[in-house]
Amino acid sequence: MITINDKLPTSTLLDLKVGDEITNGNDQSGKIKNIEISETDEFLLFLFQLENNKIIIRKLKQVC
C-alpha cells in the first residue's frame, strides 16, 4: 500500500499505475481503477479513481 499526498515527488505520482493499492493516509484507500492527470500553468492535478471513491492530489509546479 502506497501512501500518497501533495508532498510526494511528482515522479512518484507519475509512476503509479492501474492496479496499485494506495491510501491518502486518512480515510481513503483502495486499488486504482483509473488515473486522470490535468495540467495548468500553476499545478498538476492527479485524480486517482478507486473502487469506491477517489483521491485528488494537486501539485504546484516549481517555477525557477
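Taking hydrophobic clusters as Ile, Leu, Val, Met, Phe, Trp and Tyr residues chained together by side-chain heavy-atom distances below 4.5 Å, Leu47 does not share a cluster with Ile32. Linking ILVMFWY side-chain heavy atoms closer than 4.5 Å, directly or via other members, places Leu14 and Ile35 in a single hydrophobic cluster.
Rounding to the nearest 0.5 Å places NZ of Lys59 at 15.5 Å from CD of Glu42. Taking CG of Leu60 as the reference point, atom CG of Leu44 lies at 9.5 Å (rounded to 0.5 Å). Here the CD1-CZ distance, from Ile56 to Phe46, works out to 13.0 Å after rounding to the nearest 0.5 Å. Atom CG of Leu45 sits about 11.0 Å away from atom CD of Glu39, to the nearest 0.5 Å. Interatomic distance, Asn34 CG to Leu50 CG, rounded to the nearest 0.5 Å: 10.5 Å. Between the CD1 atom of Ile4 and the CD1 atom of Ile55 there is a distance of 4.5 Å, given to the nearest 0.5 Å.
Listed here is the closest heavy atom pair of Ser29 and Met1: CB-SD, 4.2 Å. The two residues Asn24 and Asn26 make their nearest non-hydrogen contact at OD1-N, 2.8 Å. Here the closest heavy-atom approach between residue Asp6 and residue Arg58 is recorded as CB-O, 3.6 Å. Minimum interatomic distance between Leu16 and Asp20 (heavy atoms only, all atoms of both residues): CA-OD2, 3.5 Å.
Although no hydrogens or angles enter the test, the distance criterion places no donor-acceptor pair under 3.5 Å between the side chain of Glu36 and the main chain of Phe48. Judged purely by atom type and a 3.5 angstrom limit, Gln49 uses its side chain to pair as donor or acceptor with the backbone of Asn53.
Applying the side chain to side chain donor-acceptor pair (under 3.5 Å) rule to Glu51 yields no partners; only residues at least two apart in sequence or on another chain are considered.
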Side chain to side chain contact (heavy atoms under 4.5 Å, CB included), that's the test. Do Thr3 and Ile22 meet it? Break it down for me. CA-CA 6 Å; Thr3 301; Ile22 61 172; over 6 Å; no
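By the neighbour-count criterion of 12 heavy atoms within 6.0 Å, atom CG of Asp15 is densely surrounded, having more than that number from other residues, nucleotides or ligands.
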